[in-house]
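As the structure is a prediction and not an experimental result, all values here were calculated from the model. Just so it is clear, the values below take in all heavy atoms, side chains as well, and ignore hydrogens, waters and symmetry mates. Sequence lines set the chain letters: A, B, ... in the order given, protein chains first and strands last, and positions in each chain run from 1.
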Amino acid sequence: MRKKIIFLINFFILIFVAIVFYKGLKLDAKYSTEDLVGQTLVNFSTTTLNNSSGKLSNIDIKNNKYSIINVWASWCGPCRLEHPIILRLSRHKDLNIFGINYKDKKKNAISFLNKFGNPYKKIGLDLTGFLSVDLGFFGVPETILINKNEKILLKYVGPLNENDYNKIVSRIRE
Amino acid sequence: MIFGKIGYFSLLFSLIFSFLILFIVIKNLKNKNSEIKQNVYYFSFLQLLLVVLSFLCLVLSFVKSNFSLVSVYENSHTDKPLFYKIAGTWGNHEGSLLLWLVVLVIFSFLFLIKTKNVPNTYKLHTIGFQNIIIIGFLSFSIFTSNPFVELLPTPEQGLGLNPILQDPALAIHPPTLYIGYVGSSIFFSSALAAMMNRFVSKEWARSIKPWIFVPWVFLTIGILLGAVWAYYELGWGGFWFWDPVENASLLPWLASTALLHSIVVLEKRNTFHSWTIILAIITFTLSMTGTFMVRSGILNSVHTFANDPSRGLFILVFLISLSLLSLIIFFLFRPSNVAFKYFNFFSKETSIIVNNWFMMFFLISILIGTVYPIFLEVINGSKISVGAPFYNFIIIPFVAPFLIFMTFGPKLGWIQSDFKKLIREIIYLTILTFLTLLVIIYVIGNIKITSVLILFTSLLLLYSLIIDVLIIFIKGNKSFQAGRLISHLGFGLLVLSIALNANLSVEKNLNIKVGEHFEVDKYKLFFENLIGKTEANYDAIVGNFHLLDGNKDIGYLKPEIRVYHQPPTVTSEASIKSGVFRDFYITMTNIKESDYFNIRFQYKPFMNFIWFSALLIALGGLLSIFKKDKIQL
């Protein structure tokens with residue numbers, strides 16, 4: 001009897017593992033954020049850098065025809081490179097730029113903006129990095145262009161360059 | 001081309017022969033006490049010949065850059081050096097599976113001709129199970145992963161081999177690891193056969209022992225080569241990532257390490273029957289699970305090949321059927337521990353049980369860390385990854401007591417031990433170790449308590465083994481366990497070197513332009529210039545870094561950024577200045593549209609000690625194969 005029970009326990013464990021592995025086969029193991037384009041932005045809300053009672057959330061996206069969310073950090077070298085381009089983008093009327101300050105120190109972030117200029121309408125804080133993952137980012141800098149309906153139009157991994165700038169501008173002029 | 005055809009038909013015919021062997025074996029088993037039919041030998045030889053022929057055809061297709069085969073077209077290029085053309089044969093899924101088959105049939109055939117003085121029925125059963133496994137993998141190869149699929153029209157040029165796979169260590173890493181994985185099939189089949197024939201005994205242990213040690217040695221070296229490759233090629237400076245696929249190779253290693261300890265107890269003391277059988281089954285099942293996880297793409301890792309789900313399904317069904325088969329056989333023919341012998345708490349047997357518990361603990365921790373993300377994703381859809389912090393947290397504290405048992409366990413006698421001698425030894429060893437540890441702490445300065453424990457226990461193990469070796473030389477003792485001493489010495493040294501490496505490494509990550517310099521600790525690096533370089537299969541920019549240790553000139557480090565032609569890929573090639581006691585490691589990546597380069601500089605002590613000690617572990621295993629231990633009863 002005892003032998004049978006032990007056998008059955010082992011048998012069911014084996015079947016359970018088989019089912020999990022079988023289902024696992026059908027899942028997509030690759031984590032990619034490139035297919036984010038065309039999708040709708042997830043719901044999010046976070047406190048802002050300058051004002052601890054301020055919020056950055058989906059409501060802000062609806063305020064203008066187009067918005068950009070740019071993930072950056074003061075410690076990130078490539079962010080410095082793309083900063084002039086973000087500044088230029090901030091001059092466009094139909095476009096609001098929101099920053100997400102990624103795993104940064106408040107003091108350093110503020111001195112970065114004082115030194116290089118602040119293109120951002122609002123800056124949300126992401127001290128743990130979880131928010132960025134939820135939004136579909138996996139590093140800094142990354143940038144997405146969103147329309148009023150919260151649809152993601154363009155996505156860039158790594159620093160923006162002149163071509164990217166032109167592409168974004170032509171997109172918002174359409 | 002003709003080679004493709006020959007290769008494909010060889011595979012088909014070897015499948016037919018495998019069925020034939022299985023059929024003859026079953027018929028042969030029906031009339032008891034009969035001799036093994038000559039046909040089994042003939043057909044097994046033909047099976048071996050055909051699989052090897054098929055593999056050679058594939059190698060030749062790669063060497064001759066025969067792009068009419070899809071696998072050659074996708075993984076080779078005429079510009080590649082010959083060595084990598086050959087290595088390209090197993091640098092892809094289809095080819096590596098064929099290599100797997102070659103190893104499998106070689107092992108089966110060797111078992112058939114080399115195993116003597118065992119019951120015929122046991123031998124026939126083993127060959128039978130072995131052929132079930134061969135049929136499974138042959139069908140897998142032919143029906144889901146045929147390496148000889150042709151492409152029409154024949155392309156002019158191939159797509160090339162992934163550059164990070166173009167490395168000497170990696171060229172021999174898969175074959176070595178495969179011998180370890182596939183070799184475990186023999187003791188799996190043999191364990192099942194031994195149960196069915198009530199042959200789980202001292203004699204069985206003696207006859208199967210070398211078949212456990214050989215794959216274990218290869219598995220050890222295979223894992224080592226993988227670590228060396230990761231260190232040189234992945235540009236991160238680490239040698240172990242706790243990547244799921246690396247874990248997949250470590251799991252059977254842990255199981256078979258436990259097995260080769262328990263088989264010795266079975267051989268010498270005729271006990272641990274069931275446990276030894278379970279370990280034999282687990283080792284092979286874990287090897288298969290590892291293969292499943294790598295080949296099916298269920299895991300996302302540096303090792304994953306491009307896959308289609310039908311392959312994963314095939315291995316899964318095969319894996320589950322074999323596990324089910326072994327489960328049923330185990331519960332029907334479970335060896336009863338009739339020959340259970342009383343043994344004292346302070347004896348070798350106890351220490352080996354404890355060793356096995358620790359192995360199981362490490363195994364289960366790593367298994368959970370590896371498969372937990374899969375289970376979680378299937379059950380509630382969330383993606384997580386389990387990384388180094390989990391393993392460090394779970395495993396490191398248990399390494400210290402493990403090392404203590406490793407130090408004193410082998411000093412205990414079988415059944416019972418002499419205490420006075422042992423206690424005296426413990427006192428001397430502890431004092432010696434303690435003094436050394438004080439020196440190390442003085443040198444390192446700030447050190448964590450877990451590191452202190454690891455350093456202490458690994459030093460303890462090393463000293464005790466060194467003293468053992470000295471005593472053997474002084475007394476001129478001829479009967480000693482060289483294999484055990486060397487493997488354990490290697491293991492102690494490995495843990496010590498890893499601990500020292502982790503505590504003394506220095507790292508600096510920064511952006512720098514040509515002409516600038518930076519300092520880390522007492523090291524100064526000058527980024528002198530950049531040079532362009534053109535090779536057969538890639539172009540490169542080489543950075544010239546002049547390294548000074550204080551005022552002492554150490555020389556130049558030359559990291560590269562390579563742009564491979566086929567397939568077009570950019571890789572960072574680390575530059576390593578390796579010495580006996582330390583490595584300097586530097587990698588360079590360019591920052592898009594700027595003059596700056598991102599530099600990662602590392603000072604890594606005792607790297608060569610880590611490689612060397614892993615080799616010692618393998619060497620010890622090798623010696624155990626050739627040396628007949630005296631039975632101490």
Side-chain angles (χ1 to χ4, degrees), chain A residues 1-33 42 73-85 129-130 132-134 136-143 156-165, chain B residues 244 278 281 285 289 292-293 295-301 304 306-317 319-328 330-332 334 367 371-379 381-385 509-512 589-598:
Chain A
M1 191 59 202
R2 191 168 150 257
K3 211 168 126 179
K4 266 186 192 156
I5 291 169
I6 295 174
F7 174 80
L8 283 175
I9 291 172
N10 278 292
F11 179 78
F12 284 118
I13 291 175
L14 194 64
I15 297 300
F16 175 67
V17 171
I19 291 170
V20 169
F21 276 174
Y22 175 70
K23 293 214 155 175
L25 274 181
K26 299 190 164 170
L27 295 172
D28 187 12
K30 289 204 177 60
Y31 180 66
S32 159
T33 57
V42 292
S74 65
W75 47 260
C76 136
C79 297
R80 239 164 252 217
L81 287 172
E82 68 166 8
H83 206 71
I85 289 177
F130 287 133
S132 301
V133 171
D134 286 343
F137 298 110
F138 61 86
V140 273
E142 281 190 34
T143 310
Y156 296 98
V157 176
L160 297 176
N161 57 31
E162 205 59 37
N163 290 337
D164 302 336
Y165 173 82
Chain B
I278 290 173
I281 294 172
T285 313
T289 314
F292 165 71
M293 292 201 285
R295 297 292 151 186
S296 65
I298 197 167
L299 294 169
N300 190 12
S301 109
T304 329
N307 298 292
D308 68 79
S310 67
R311 287 174 184 166
L313 188 62
F314 188 103
I315 311 185
L316 182 62
V317 170
L319 167 67
I320 296 296
S321 321
L322 281 182
S323 310
L324 211 57
L325 177 75
S326 47
L327 192 66
I328 292 168
F330 183 78
F331 277 94
L332 288 179
R334 204 164 95 104
L367 186 65
V371 298
Y372 184 67
I374 301 176
F375 277 65
L376 198 67
E377 199 184 343
V378 167
I379 290 164
S382 54
K383 279 181 197 277
I384 59 156
S385 80
N509 199 339
L510 80 167
N511 297 341
I512 187 175
T589 47
N590 58 326
I591 298 170
K592 211 164 143 193
E593 292 173 12
S594 87
D595 303 338
Y596 281 94
F597 288 86
N598 182 267

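With a 6.0 Å radius and a threshold of 12 heavy atoms from other residues, nucleotides or ligands, A:K3 has its NZ atom above the threshold.
Considering CD1 of A:I19 and CD1 of B:I320, their distance stands at 9.5 Å, rounded to 0.5 Å. Between B:F331 atom CZ and A:N10 atom CG the span is 5.0 Å, to the nearest 0.5 Å. Interatomic distance, CD1 of A:I13 versus OG of B:S323, reported as 12.5 Å (0.5 Å rounding). The structure places CG of B:L327 at 5.0 Å from CZ of A:F7, a figure rounded to the nearest 0.5 Å.
For B:T285, no part sits under 4.5 Å from any heavy atom of chain A, backbone or side chain. Heavy atoms closer than 4.5 Å to chain A are found in the side chain of B:V371, but not in its backbone. Proximity to chain A (any heavy atom under 4.5 Å) is shown, for B:I328, by both the backbone and the side chain. In this structure, chain A has a heavy atom under 4.5 Å from the side chain of B:L316, while its backbone stays farther away. Both the backbone and the side chain of A:I6 come within contact range of chain B, each with at least one heavy atom under 4.5 Å from a heavy atom of that chain.
Taking all atoms of both residues into account, the shortest heavy-atom contact from B:V378 to A:V20 is CG2-O, 3.5 Å.
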